Trainee: 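Handing you this structure, nothing more for now.
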There are 2 protein chains.
Amino acid sequence: MGLPRWLNEEEKRAWNAFRSTHALLNQRMDQQLKRDAGLSHLQYEILARLSGAPDRELRMTELASAVQNSKSGLTYQIGQLEQAGLVRRRNCQSDVRAVYACLTDEGMAVLERAAPGHVALVRELFIDVLTPDQLRALADGLGEASRRMLDSDFTADPRTANPDT
Amino acid sequence: MGLPRWLNEEEKRAWNAFRSTHALLNQRMDQQLKRDAGLSHLQYEILARLSGAPDRELRMTELASAVQNSKSGLTYQIGQLEQAGLVRRRNCQSDVRAVYACLTDEGMAVLERAAPGHVALVRELFIDVLTPDQLRALADGLGEASRRMLDSDFTADPRTANPDT
DNA sequence: TACTCGTTGTTCAAATTCGAACTCAACTGT
DNA sequence: ACAGTTGAGTTCGAATTTGAACAACGAGTA
């Protein structure tokens with residue numbers, strides 16, 4: 001590689017805005033979810049994924065990749081959610097190793113109670129701030145970026161690689 | 001508020017791409033920085049901010065807000081970096097409470113060694129994936145989003161609110 | 001059947017993060 | 001000078017995350 005090509009002003013602006021927005025957004029979502037539903041953002045995400053899955057259940061590894069978390073991290077969170085009664089574990093008869101995380105009715109109820117406020121916040125702080133053009137550009141551009149990262153690199157397992165739906 | 005307005009397909013696409021990209025990107029940067037320079041992404045960010053500041057030093061709180069971390073989190077990280085000799089603390093004579101974190105020559109050297117590879121990766125995985133239009137839309141849209149979040153909410157202190165340069 | 005791989009989910013210790021409480025100073029108004 | 005308030009940075013315990021190591025299986029092959 002030749003000389004390092006530093007970022008120009010607009011590139012810096014984009015990169016900083018991207019990182020800053022994510023940090024702030026995450027902070028707000030965490031606050032709101034914790035306050036309104038006693039959930040961390042990650043926990044919400046887990047419940048949300050489960051709610052959208054067939055039979056409201058997913059295997060640990062699938063779920064881990066869906067929420068882009070490490071296996072051990074998911075084990076921990078599912079443990080928490082299980083204690084709270086929002087999720088339960090189920091074993092698979094065809095594969096003894098497999099464990100399904102299932103959304104309980106109570107978990108579903110909590111999710112349904114939390115979702116409207118969460119979505120409203122996503123709208124307020126993110127979606128509705130963007131013009132339709134910006135929204136599309138963002139979906140296209142970042143969609144491509146994440147796709148490329150997923151397509152390459154089947155090596156690292158810290159977080160199980162997998163496309164999100 | 002009326003009925004919750006759920007996200008339509010494109011909105012979901014944008015939101016998911018945004019979150020997914022950030023997670024993957026962060027993972028890659030962390031990996032690379034750890035491998036090449038023994039730094040976490042956050043530590044790199046800290047060094048980078050310091051390197052761009054007058055006299056290569058910033059007050060703890062300023063730095064915390066610049067890298068969008070909590071005060072206690074920064075205290076911890078500066079402790080680590082100080083042990084590694086990349087940063088040192090300096091007291092201010094005019095204000096006893098104030099503490100400056102200063103980038104050492106060694107810290108600067110480490111940063112200079114890490115920066116090219118880091119920037120190259122940012123380009124490869126983010127900047128260069130986007131079209132010029134997308135880049136501008138992203139800078140504008142997300143810039144606006146983060147600005148709004150910073151402008152509101154002077155209440156929460158978990159992370160000291162402040163615009164980044 | 002025995003053997004070798006690659007997977008699955010968990011465990012464990014160490015590293016990090018979180019947030020509230022705390023310590024001192026600086027500032028404000030008196 | 002004097003209380004009351006605010007701000008800076010640290011401390012501390014609890015919660016979470018990390019990554020490597022592990023145990024227990026499937027699956028493919030000889």
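These numbers were taken from a predicted model, which means no experiment stands behind them.
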Trainee: Identify, between Val96(A) and Gln80(A), the residue whose nearest nucleotide on DNA chain D lies closer to the 5' end.
Mentor: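 Nearer the 5' end of the strand: Gln80(A).
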Trainee: Does any residue of residues 33-46 of chain A have a heavy atom under 4.0 Å from DNA chain D, and if so, which ones, in number order?
Mentor: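 Close to the strand are Leu42(A).
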Trainee: Would you call Leu138(A) and Phe126(A) a side-chain contact if the rule is heavy atoms closer than 4.5 Å?
Mentor: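 The answer is yes; the side chains approach within 4.5 Å.
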Trainee: Holding to side chain to side chain contact (heavy atoms under 4.5 Å, CB included), I want the full list of residues that pass it with Asp128(A), two or more places apart in sequence or in another chain.
Mentor: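 So Asp128(A) forms a side chain to side chain contact (heavy atoms under 4.5 Å, CB included) with Arg123(A), Arg5(B).
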Trainee: Counting just side-chain N and O atoms, does Gln77(A) come under 4.0 Å of either OP1 or OP2 of dT17(D)?
Mentor: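 So the side chain of Gln77(A) is within the cut-off, an N or O lying under 4.0 Å from OP1 or OP2 of dT17(D).
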Trainee: Should Arg59(A) and Glu62(A) be marked as a salt bridge (Lys or Arg N to Asp or Glu O under 4.0 Å) after you check the CA-CA gap, both sets of side-chain angles, and the distance that decides it?
Mentor: CA-CA 5 Å; Arg59(A) 292 187 50 167; Glu62(A) 291 179 294; 5.2 Å; no
Trainee: Of the nucleotides dT16(C), dG9(D), dT11(C), which has the atom closest to the Thr75(A) side chain?
Mentor: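 The answer is dT11(C), which lies nearest to the side chain.
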Trainee: Do NZ/NE/NH1/NH2 and the carboxylate oxygens of Glu144(A) and Arg148(A) come within less than 4.0 Å?
Mentor: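 Judged by the 4.0 Å cut-off on N to carboxylate O distance, Glu144(A) and Arg148(A) do form a salt bridge.
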Trainee: Rounding to a whole Å, what distance do you find between Gln93(A):CD and dC25(D):C1'?
Mentor: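 My rounded result for the distance is 15 Å.
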Trainee: Are Ser20(A) and Leu24(A) close enough that some pair of their side-chain heavy atoms sits under 4.5 Å apart?
Mentor: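 Yes, their side chains come closer than 4.5 Å.
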Trainee: Extract all donor-acceptor atom pairs below 3.5 Å that involve side chains of residues 100-117 of chain A and protein atoms in other chains or at least two apart in sequence.
Mentor:
residue   : atom : partner   : partner atom : Å
Thr104(A) : OG1  : Gly85(A)  : O            : 2.7
Thr104(A) : OG1  : Leu86(A)  : O            : 3.1
Thr104(A) : OG1  : Glu106(A) : N            : 3.4
Thr104(A) : OG1  : Gly107(A) : N            : 2.9

Trainee: Could you tell me the separation between the CG atom of Leu58(A) and the C1' atom of dG9(C), rounded to a whole number of Å?
Mentor: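 My rounded result for the distance is 15 Å.
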Trainee: Tell me what Gly73(B) touches on the nucleic acid: a base, only sugar-phosphate, or nothing, going by heavy atoms under 4.0 Å.
Mentor: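 Counting heavy atoms under 4.0 Å across all strands, no contact is made by Gly73(B).
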Trainee: In whole angstroms, how far is the C1' atom of dG9(D) from the CD atom of Glu62(B)?
Mentor: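 Value for this atom pair: 13 Å.
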Trainee: In B/S/- notation, 5' to 3', how is nucleotides 2-8 of chain C contacted by protein heavy atoms closer than 4.0 Å?
Mentor: ----BBB
Trainee: By the salt bridge (Lys or Arg N to Asp or Glu O under 4.0 Å) test, which pairs, at least two apart or in different chains, include something from residues 90-103 of chain B?
Mentor: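 Salt bridge (Lys or Arg N to Asp or Glu O under 4.0 Å) check on residues 90-103 of chain B returns Glu57(B)-Arg90(B), Asp95(B)-Arg97(B).
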Trainee: In whole Å, I'd like the distance from the CG atom of Leu74(B) to the C1' atom of dC18(C).
Mentor: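 For the pair Leu74(B) CG and dC18(C) C1', the rounded distance is 14 Å.
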Trainee: In whole angstroms, how far is the P atom of dA15(C) from the CD atom of Gln83(B)?
Mentor: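 After rounding, the gap between these two atoms is 11 Å.
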Trainee: Among residues two or more places apart or on two chains, list those pairs meeting salt bridge (Lys or Arg N to Asp or Glu O under 4.0 Å) that have a residue in residues 35-47 of chain A.
Mentor: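 Residue pairs with at least one partner in residues 35-47 of chain A: Glu45(A)-Arg19(B).
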Trainee: Would you tell me if any nitrogen or oxygen in the side chain of Tyr76(A) comes within less than 4.0 Å of OP1 or OP2 on dT16(D)?
Mentor: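 Checking Tyr76(A) against dT16(D): at least one side-chain N or O falls below 4.0 Å of OP1 or OP2.
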Trainee: Hey, is the side chain of Asn69(A) poking within less than 4.0 Å of OP1 or OP2 on dT18(D), counting only N and O atoms?
Mentor: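 Yes, Asn69(A) has a side-chain N/O under 4.0 Å of OP1/OP2 on dT18(D).
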Trainee: To the nearest Å, how far apart are Arg90(B) CZ and dA8(D) P?
Mentor: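 The distance from CZ of Arg90(B) to P of dA8(D) comes to 17 Å, rounded to the nearest Å.
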Trainee: Between the base of dG19(D) and the side chain of Ser72(A), is there a donor-acceptor distance below 3.5 Å?
Mentor: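 Result: at least one qualifying N/O pair found.
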Trainee: Decide yes or no for Val99(A) and Cys92(A): does some side-chain heavy atom of the first lie under 4.5 Å from some side-chain heavy atom of the second?
Mentor: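 In short, these two side chains do not touch, never coming nearer than 4.5 Å.
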Trainee: Specify the separation, in whole Å, of atom CG of Asn91(B) and atom C1' of dT10(D).
Mentor: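 So the CG-C1' distance, Asn91(B) to dT10(D), works out to 13 Å.
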